[in-house]
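Starting from 1, each residue takes its place in the sequence as its number. Reckoned from all heavy atoms, side chains included, excluding hydrogens, waters and symmetry mates.
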Amino acid sequence: MSAVDQGEQGAERTLGQLVASATAEMSALVHDEIALAKAEIREDVRRAAVGGTAIGIAGVFALFSLPVLSFAAAYGIHNTGLGLAWSFLVVGVAFLLLAGLLALLAVSKFKKVKPPEKSIASVKETAALVGTVKPHPRPVSDKAVGVARSSS
C-alpha cells in the first residue's frame, strides 16, 4: 500500500475513529509515563534504603566506639600522672559538659520556632475569597423543567 493510499484511507476515517485513536494513543502515553515514573521511584527508593541502612550501621559503630574511646581518654589522662578514678571522672564530666552545651543549643533553636505566619495569612485570605464567590447558576433545559413539574 502506498503513502497516497494510506493518506486516502486516513482521510476516510470518521471523527469518532480519530477521537478513539487519539484517546488510545494518549492512554498508552500516560500509561508509559506512569510506568517510567514507577521505575524511577523504585530505583530511588532502593538507593535511599541502601543509604539509610549504611548510615544506620555507621551510627551503631559510632555508638559502640564511645565506650572504647572513653576508656582510651581516661587511661591517656591517667598516664599524665592523675589517678585512674580521677581520669574517669574528668572524661565523664567532659561528656556531661558536652551534653549540656548541646541541650542549650537545642533549647535556643526550639525557642526560635514560630508558626508559619505567611502561610496562615495566605490560607485565611484564600478562605475569605472563596467565601465571597457565588456559584454560577446552571442553565435549566426544557426537559429538566418538564421532569420537575411532572414529579411535583
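For Glu33, there are no side chain to side chain donor-acceptor pair (under 3.5 Å) partners two or more places apart in sequence or in a different chain. Every residue two or more places apart in sequence or in another chain that forms a side-chain contact (heavy atoms from CB on, under 4.5 Å) with Ser108 is listed here: Leu105. In this view, Arg47 and Glu43, Asp44 satisfy the salt bridge (Lys or Arg N to Asp or Glu O under 4.0 Å) rule, not counting sequence neighbours. For Lys114, there are no side-chain contact (heavy atoms from CB on, under 4.5 Å) partners two or more places apart in sequence or in a different chain.
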Below 3.5 Å, can you tabulate the donor-acceptor pairs from side chains in residues 48-69 to any protein atom, sequence neighbours excluded?
residue: Thr53; atom: OG1; partner: Ala49; partner atom: O; Å: 2.8
residue: Ser65; atom: OG; partner: Ala62; partner atom: O; Å: 2.7

Listing, residues 84-103 side-chain donor-acceptor contacts under 3.5 Å, not counting sequence neighbours, or none:
residue: Ser87; atom: OG; partner: His78; partner atom: N; Å: 3.1
residue: Ser87; atom: OG; partner: Gly83; partner atom: O; Å: 2.8

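Rounded to the nearest 0.5 Å, atoms CD1 (Ile34) and NZ (Lys38) are 7.0 Å apart. For the atom pair CD (Gln17) and CG (Leu15), the distance works out to 10.0 Å, reported to the nearest 0.5 Å.
A donor-acceptor distance shorter than 3.5 angstrom exists from the side chain of Thr126 to the backbone of Ser122, with no hydrogens or angles considered.
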